[in-house]
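Quick notes on the structure that follows.
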Amino acid sequence: MNPRISLRLAMLGMKRVLALSMAATAVAAAPGLAAAAYPERPIRYVIPFPPGGSTDTTGRILAEAMSKILGQPVVVENRGGAGGNIGAAHVAGSPPDGYTLLQGTIGTHGINPTLYENPAFDARKDFEPIARMTAGTNVLVVNPSVPAKTVQELIAWAKANPGKLMMGSSGAGSSIHMSGELFQVLTGTRFTHVPYRGGGPAMNDLLAGHIQLMFDNLNVSLPHIQAGKVRALGVTSRNRASVLPDVPTLMEAGVPGYEVTSWSGIFAPAGTPRPVVEKLNAVINQALASDSVRERFDEAGIQIDLMGVDQFKAFVDSEIDRWGDIVRKSGAKAQ
């Protein structure tokens with residue numbers, strides 16, 4: 001990892017200890033009153049990736065809907081870098097009062113705990129899982145200059161030219177990155193990974209031909225696929241995507257055992273009062289169930305997936321275990 005990023009993450013970790021000690025007295029003094037008065041001021045909603053990607057799109061829609069329900073502004077703040085770790089570490093080090101939230105992902109709370117030697121936070125211990133938000137499909141897309149028209153043709157070309165294909169991602173540890181790593185493990189291919197500070201910049205370079213392929217969130221790639229600017233070879237889900245019925249799953253395309261579902265959810269710093277967590281879960285689920293939000297998510301090709309607090313916590317624990325095994329088998333390391 002870049003030494004400057006390592007230092008920044010370490011400093012964020014130190015800030016967490018101070019924040020917890022400062023907030024502990026106030027939180028313990030009146031836990032029963034926390035939810036009744038909450039929120040009394042604007043809430044910061046941290047998206048750990050830059051503008052333009054799927055996480056940013058869904059986060060802004062949800063934040064707007066939450067603002068209307070809570071009667072307080074929910075202000076989006078993009079803090080990208082290190083595969084989402086910088087934004088996640090910032091929230092982990094914030095006061096546990098419900099006024100700083102994180103839109104975590106399969107990357108920050110599934111993959112990164114194993115991929116990064118020191119992510120500057122503990123995905124299990126430093127957060128209160130609040131609510132699951134989305135479950136989505138990734139899609140393998142290539143620049144039209146790549147000669148492969150099918151997954152098997154891509155595998156053959158990659159094996160004949162090991163390391164020559166440049167694979168972009170939204171950052172080390174993202175579902176986009178690990179979708180590609182799992183593909184290489186199962187097919188015996190080798191790409192050169194090029195991490196970006198978000199899916200938007202990676203897609204821009206794919207469109208420009210600076211990289212040859214990526215596993216992108218389907219909702220982000222769909223307009224480019226439909227416009228013929230990139231070629232879709234396969235989707236990562238168990239079933240075909242309704243918006244791309246002619247594109248096979250990677251299992252159908254000859255990669256047995258391949259399945260990746262990208263997800264996101266909302267987290268607060270550990271120690272946030274349970275009544276506040278429960279209130280936020282209810283508000284988030286109410287917002288996501290509203291017709292206006294569902295319509296906007298449908299238009300973007302994003303699937304809503306609601307969970308209660310305890311159900312979401314159990315899910316996050318299982319994802320950390322699952323992706324820990326995959327990361328170790330792939331040999332992938334944060335760059």
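One-based numbering along the sequence shown.
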Problem - Check: Asp122 side chain, Pro113 main-chain N or O, donor-acceptor pair, under 3.5 Å - result: no
**NZ/Lys68: more than 12 non-hydrogen atoms of other groups inside 6.0 Å** = no
Within the side chain of Arg296, is there an N or O that forms a donor-acceptor pair under 3.5 Å with the backbone of Asp291?
no
To the nearest 0.5 Å, atom CE of Met214 lies from atom CG of Leu165 at 14.5 Å
inquiry  = Same cluster or not: Leu101 versus Ile69, using hydrophobic residues (I, L, V, M, F, W, Y) connected whenever any side-chain heavy atoms lie under 4.5 Å apart?
reply    = yes
Item to check | Chi angles and distances behind the side chain to side chain contact (heavy atoms under 4.5 Å, CB included) call for Leu244, Ile225 | outcome: CA-CA 9 Å; Leu244 290 176; Ile225 295 169; 4.0 Å; yes
Do the non-hydrogen side-chain atoms of Val91 and Pro269 ever get within less than 4.5 Å of each other?
-> yes
Determine yes or no for a side-chain-to-main-chain donor-acceptor pair under 3.5 angstrom, with Lys164 supplying the side chain and Ala158 the backbone. no
Rounded to the nearest 0.5 angstrom, the CD-CG distance for Gln184 and Leu186 is 10.5 Å
Value for CZ (Phe191) from OG (Ser169), rounded to nearest 0.5 Å, stands at 13.0 Å
When rounded to the nearest 0.5 Å, the distance separating CD1 of Ile43 from OG1 of Thr100 is 9.0 Å
- Query: Do Met166 and Val141 share a hydrophobic cluster, counting only Ile, Leu, Val, Met, Phe, Trp and Tyr and linking them when any side-chain heavy atoms are less than 4.5 Å apart?
  - Reply: yes
Open item on the list: Under a 3.5 Å cutoff, is there a donor and acceptor pairing between the side chains of Asn143 and Ser145?
Closed with: yes
Close side-chain approach of Ile304 and Ile302, heavy atoms under 4.5 Å: no
Carefully, step by step, assess Asn138 and Thr236 under the rule side-chain hydrogen bond (donor to acceptor under 3.5 Å, both in side chains). CA-CA 5 Å; Asn138 291 337; Thr236 64; 4.7 Å; no
> Salt bridge check: are Arg274 and Glu128 linked by an N-O gap of less than 4.0 Å?
Replying inline: no
Do the ring planes of His193 and His177 sit parallel (below 30°), tilted (30 to 60°) or perpendicular (above 60°)? parallel
* To do: Check step by step if side chain to side chain contact (heavy atoms under 4.5 Å, CB included) holds for Lys279 and Val276.
  => CA-CA 5 Å; Lys279 183 171 184 176; Val276 172; 5.6 Å; no
Please confirm whether the backbone N or O of Gly136 pairs with a side-chain atom of Thr261, one donor and one acceptor, at under 3.5 Å? no
In terms of heavy-atom contacts, Lys229 and Leu207 come closest through CB-CD2, 3.7 Å
- Take Thr58 and Thr134 through the side-chain hydrogen bond (donor to acceptor under 3.5 Å, both in side chains) test and state the conclusion after the steps. CA-CA 8 Å; Thr58 56; Thr134 64; 5.3 Å; no
OG (Ser290) and CZ (Phe297) are apart, to the nearest 0.5 Å, by 9.0 Å
OG of Ser262 to CG of Leu218, rounded to nearest 0.5 Å, is 11.0 Å
Hey, what's the ring geometry for Tyr258 with Phe215, parallel, tilted or perpendicular (30° and 60° as the breaks)? parallel
Asn217 and Ser175 have their tightest heavy-atom pair at ND2-OG, 4.1 Å
Q.
Under a plain distance cut-off of 3.5 Å, with no hydrogens placed, do Arg44 and His90 share a side-chain donor-acceptor pair?
A. yes
With distance as the sole test, does Ser264 use its side chain to make a donor-acceptor pair with the main-chain N or O of Gly104 at under 3.5 Å? no
(Q) Could you check whether Arg132 makes a cation-pi contact with Phe315, meaning its NZ or CZ is under 6.0 Å from the centre of the six-membered ring and within 45° of the ring axis? (A) yes
Original post:
Got a donor-acceptor contact below 3.5 angstrom from the Asn78 side chain to the Phe49 backbone?
Top reply: yes
* Asked: Does one side chain, of Tyr45 or Gln103, offer a donor that lies under 3.5 Å from an acceptor on the other?
  -> yes
Note: Ala270 and Pro96 closest approach over all heavy atoms is O-CB, 3.3 Å
Sorted by chain and residue number, the side chain to side chain contact (heavy atoms under 4.5 Å, CB included) partners of Asp317 (sequence neighbours excluded) come out as Arg124, Lys313
All heavy atoms of Arg238 vs all of Met251, minimum pair found to be CA-CE, 3.9 Å
Item to complete: Apply the test salt bridge (Lys or Arg N to Asp or Glu O under 4.0 Å) to residues Arg328 and Asp325: give CA-CA distance (whole Å), side-chain angles for both, the deciding distance (0.1 Å), then the verdict.
Response: CA-CA 5 Å; Arg328 284 186 286 270; Asp325 290 340; 3.0 Å; yes
How far apart are the C-alpha atoms of Thr105 and His109, what are their side-chain angles, what is the distance that settles it, and do they pass the side chain to side chain contact (heavy atoms under 4.5 Å, CB included) test?
CA-CA 6 Å; Thr105 67; His109 286 76; over 6 Å; no
Does Asp56 form a salt bridge (Lys or Arg N to Asp or Glu O under 4.0 Å) with Arg197? I'd like the steps, not just the answer.
CA-CA 13 Å; Asp56 181 66; Arg197 289 173 62 90; over 6 Å; no
Test item: Thr114 side-chain N/O and Ile111 main-chain N/O as donor-acceptor pair under 3.5 Å: no
* Asked: Does Glu64 pair with Arg60 as a salt bridge, N-O distance under 4.0 Å?
  -> no
Closest non-hydrogen contact found for Leu233 with Lys149 is CD2-O, 3.4 Å
When Asn118, Asn112, Thr108 are each screened for side-chain hydrogen bond (donor to acceptor under 3.5 Å, both in side chains) with Asn85, the one that passes is Asn112
- With no hydrogens and no angle check, is any side-chain donor or acceptor of Asn161 less than 3.5 Å from a backbone partner on Trp157? yes
Please report the C-alpha distance between Thr189 and Phe183 in whole Å, then the side-chain angles of each, then the deciding distance to 0.1 Å, and finally whether the side chain to side chain contact (heavy atoms under 4.5 Å, CB included) criterion is met. CA-CA 8 Å; Thr189 53; Phe183 182 88; 4.0 Å; yes
Closest non-hydrogen atoms of Pro129 and Val309, given as atom of the first, atom of the second and distance, are O-CG1, 3.6 Å
Do Val76 and Leu288 belong together in a cluster built from hydrophobic side chains that touch within less than 4.5 Å?
yes
(Q) Parallel, tilted or perpendicular: which one describes the rings of Phe267 and Phe127, with boundaries at 30° and 60°? (A) perpendicular
If hydrophobic clusters are built from ILVMFWY residues whose side chains come within less than 4.5 Å, do Leu70 and Ile266 share one? yes
*asked:* When you measure from the centre of the six-membered ring of Tyr99, is the NZ or CZ of Arg41 closer than 6.0 Å and no more than 45° off the axis?
replied: yes
Is there a continuous path of hydrophobic side-chain contacts, each under 4.5 Å between heavy atoms, that joins Leu140 to Val220? no
